[in-house]
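Note that the structure is predicted; figures quoted are calculated from it, not measured.
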Number of protein chains: 2
Amino acid sequence: MATDDLMTRALETLGDDAPLTVEAIHSLTDAAVVPESMTIAEVADLLDISAHTLRYYERAGLVEVARDDYGHRVYDAEAVRRLVFLTRMRLSGMPMRDLQHYIALVDAGQETVPERLDMLLEHRDTIRRRIRELTLSLAATEYKIATYGGSTGPDVQDL
Amino acid sequence: MATDDLMTRALETLGDDAPLTVEAIHSLTDAAVVPESMTIAEVADLLDISAHTLRYYERAGLVEVARDDYGHRVYDAEAVRRLVFLTRMRLSGMPMRDLQHYIALVDAGQETVPERLDMLLEHRDTIRRRIRELTLSLAATEYKIATYGGSTGPDVQDL
DNA sequence: GTTTGCGTTCGAGCGCGCTCGAAGCCATAG
DNA sequence: CTATGGCTTCGAGCGCGCTCGAACGCAAAC
């Protein structure tokens, strides 16, 4: 099951031009994720990342995962929630370095909340800028497509 | 001069919520770039990439550049236009591999136009999807920011 | 005439984020 | 009883896109 990852499902849930309200996001955030504990394969499937990557994240200090009697990883709900957050941040371009710092702050306690908020605000701005860049690139690409082979404008050269 | 790269200047030219019409893009495309020929330093400055990267692109077969009597690179208008295109594609996430293929098609002549168009269409879709992903991530980040430290919803945990 | 500065070629190295292979443990299926 | 399959650890390797250093050439400035 779960041939699509969280992001894909989320994009399908909200139509392409949905308002993306706080409520809509809220509904995504805790949808589907219920289990008390999960295996590495289940989490990998849920997040559409490899078990290798999950182990790598753990090695990198991003999440702690308990073991069962056989030494196998047991992901509890908190670990899964954290990994959902982490993969979302990764997908939106936050570097591992920053995530490690962020998680260190989380583990350091409540007094780091302001700094964490700062990181999120900065990341928000980064995403916004990236969206603007991509929007511009999209327009340029569409312009090129529209004028390709025609005789409109200076972009007609062989590119 | 030119402390800002093309993208930054473009983003400033068009307001954040400009319509991004074909005309607006057109005006960006050939703005500023006039010189008959440019040095590597000038092109690097124009595109906000390093001279190292420009040489790398040339080595990669993305562009041919003539030399002057001293063996120094002389970028003619066509090379510069191509590099503008290439950097725009790189910035919007097209892999080097694909650009090499695209350029090979360009150099192969007019009969490759359909395939080139296919590549552009596919890239357009890639950008669109990426924008949707980022928009969702942005909303999730804003949601997290908005609810941070508050007692609203399930995301209040220490993340 | 030497210093400064900008260019050249070539090949190696790096940062990032995985990705993989080897060797081994355990449990269930046939 | 022996496969098969999924998990474990550990460390190495990889693909991408640069990025850099070394050794050198040439020219205009001092």
Using a heavy-atom cut-off of under 4.0 Å over every strand shown, decide if [X] touches base, sugar-phosphate, or nothing.
{"X": "A:R55", "value": "base"}
{"X": "A:A51", "value": "nothing"}
{"X": "A:I49", "value": "nothing"}

Fill in: Donor + acceptor pair across side chains of B:Y148, A:R116 (<3.5 Å)
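There is such a pair between these side chains.
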Could you check how far [atom1] of [X] sits from [atom2] of [N], rounded to whole Å?
{"X": "A:Q100", "N": "C:dC18", "atom1": "CD", "atom2": "C1'", "value": "13 Å"}
{"X": "A:E58", "N": "D:dC7", "atom1": "CD", "atom2": "C1'", "value": "13 Å"}
{"X": "A:R59", "N": "C:dT19", "atom1": "CZ", "atom2": "P", "value": "12 Å"}
{"X": "B:L86", "N": "D:dC18", "atom1": "CG", "atom2": "C1'", "value": "15 Å"}
{"X": "B:D68", "N": "D:dG25", "atom1": "CG", "atom2": "P", "value": "17 Å"}
{"X": "A:M94", "N": "C:dC18", "atom1": "CE", "atom2": "P", "value": "14 Å"}
{"X": "A:D98", "N": "C:dG17", "atom1": "CG", "atom2": "P", "value": "9 Å"}

Taking 4.0 angstrom as the limit, do [X] and [Y] come out as a salt bridge?
{"X": "B:R130", "Y": "B:E133", "value": "yes"}
{"X": "B:R82", "Y": "B:D107", "value": "yes"}
{"X": "A:E142", "Y": "B:R128", "value": "yes"}

Under 4.0 Å between a side-chain N or O of [X] and OP1 or OP2 of [N]?
{"X": "A:R67", "N": "D:dT9", "value": "yes"}
{"X": "B:R73", "N": "C:dT8", "value": "yes"}
{"X": "A:Y56", "N": "C:dC20", "value": "no"}

Worksheet entry | B:E58 side chain near B:E64 side chain, heavy-atom distance below 4.5 Å |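 No, every pair of side-chain atoms sits at 4.5 Å or beyond.
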Practice prompt. When you get a sec, tell me which of D:dC20, D:dC18, D:dC7 is the closest nucleotide to the side chain of B:M96?
Written response: D:dC18
Discussion item. Starting the side chain at C-beta, find the nucleotide from C:dC18, C:dC20, D:dT19 nearest to A:R90.
Written reply: C:dC18
Fill in: 5′-ward residue of the pair B:G93/A:G71 relative to DNA chain D
A:G71
Side-chain donor-acceptor distances from residues 118-126 of chain B under 3.5 Å, at least two apart:
residue	atom	partner	partner atom	Å
B:H123	NE2	B:S92	OG	2.9
B:T126	OG1	B:E122	O	3.0

Discussion item. Closest-nucleotide mapping onto DNA chain C: is B:H52 or B:T39 further toward the 5' terminus? I mean the 5' end.
Written reply: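 Between the two, 5'-proximity favours B:T39.
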Each nucleotide N or O in nucleotides 24-28 of chain C that has a protein N or O under 3.5 Å away: list the pair and distance.
residue	atom	partner	partner atom	Å
C:dA27	OP1	A:Y70	OH	3.2

Fill in: N/O donor-acceptor pair under 3.5 Å between B:S50 side chain and B:T53 backbone
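Yes.
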